[in-house]
Amino acid sequence: MIIILKKDPEPKQLENLKAWLTGQKLTIHESRGESHTILGLVGDTTAVDIDLLRALDIVEDVKRVQEPYKNANRKFHEEDTVIAVGPAQLGGGVFALIAGPCSVESEAQICGVARSVKQAGATMLRGGAFKPRASPYSFQGLRGEGLTLLLEAKKQTGLPVVTEIMDLSQLELFADVDVIQVGARNMQNFELLKELGHTGKPILIKRGLANTLEELLMSAEYVMAGGNPNVALCERGIRTFETAARNTLDLSAIPLLKRMSHLPVIVDPSHATGIASLVKPMALAATAAGADGLMIEVHNDPSHALSDGAQSLTPEAFADVAAAVRAVLPFACRYDHGKAV
Ligand code: PEP
Ligand code: MN
């Protein structure tokens, strides 16, 4: 971290600042120029509040030369993280194809969809039991019963399951869930992230609607700092000024996250577009760009789905997308230690 001081800093304030920095176990390299004095800080600056420093009278600007995330940082962990999920995998060159309905609605629905997506090549089953809905009048999910049905579908098909947790109080119900999803709206629920850090479970963190990649990695950092290294990231589109699609899929997040971090990167073209006919092109684009997997919403009867029917594929349409993804995979961009090769 570099602190650029204003011209002729008040000596007492400078002394106080230096004493405070030294107290943070940082070594200071001071260089006095014609117009500015610069303090170069060496040591662990992850806990330093950059805004607090910027607000000081004698400080002109502060620049980070090291990212504020450590555990999630490619610089400190060169090799890709690979997460084993039963017979499936997140990262490590094994493509994860996660498919299933937005919401678990009934035993027949979830078990039927599970069988079809497995047949089409899905490696994991998704299905929401606790649903974060914009309206309190919309279907809120089958909650505990939804988890039971999801686990029944797992038993019948052998597919590991991915499902969203919305609140800490639900955690004990997730004991048999294979991958716990933290949804976009909870990406910065730091208490939840901290608690998930104390589980050994794979955690799939979805990017918040208006969050930067650095913020996404800081959320991963919360889980990892608690001792859980099994974190995967999910790009699911962000809010922009464009309204033609539900969100805007940020495809450049794939190569950027690969460079910034060693964590697996999954893309969700369903929530990214909100429109079923856009899912195939975006799924192929994300595959070609080198994503480690896709998460796609599939419903046996999209027009009667209790949530996100407009973006849900029929099992037949999913089978077509899955085959197209497999055809693209041999030509997909590969990354070597985060660099596209
Ligand atoms: C979901 O995957 O069901 C979901 C609600 O997604 P997101 O958090 O990305 O909106
Ligand atoms: Mn959904």
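Atoms within a ligand are numbered from 1 in the order they appear, just like the ligands themselves.
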* cation_pi(K194, Y222) dist<6.0 Å, angle<=45 -> no
* Can you find a pair of side-chain heavy atoms, one from E105 and one from I110, that are under 4.5 Å apart? -> no
* Asked: Taking atom types as modelled, is there a side-chain donor on N300 or Q109 under 3.5 Å from an acceptor on the other?
  -> no
* Structure fact -> If you count every protein N, O or S atom closer than 2.8 Å to the Mn ion (ligand 2), you should arrive at 4
* Asked: Strictly by modelled atom types, are Q311 and R246 linked by a side-chain donor-acceptor pair under 3.5 Å?
  -> yes
* To do: Verify the distance criterion only: is there a donor paired with an acceptor across the side chains of S252 and D250 at less than 3.5 Å?
  => yes
* Inter- and intrachain pairs under ring-ring contact (aromatic ring centres under 6.0 Å, His included), touching residues 224-274, at least two apart -> H77-H262
* How long is the gap from CG on L147 to CZ on F174, to the nearest 0.5 Å? -> 5.0 Å
* Structure fact -> In short, ring-ring contact (aromatic ring centres under 6.0 Å, His included) pairs touching residues 5-50 with sequence neighbours left out are none
* **Within the protein, residues bringing a heavy atom under 4.0 Å of ligand 1, chain by chain** => R126, K131, P132, E164, Q181, G183, A184, R185, K206, R236, H271, E297
* Answer yes or no: does atom CZ of R259 have more than 12 heavy-atom neighbours from other residues, nucleotides or ligands under 6.0 Å? => no
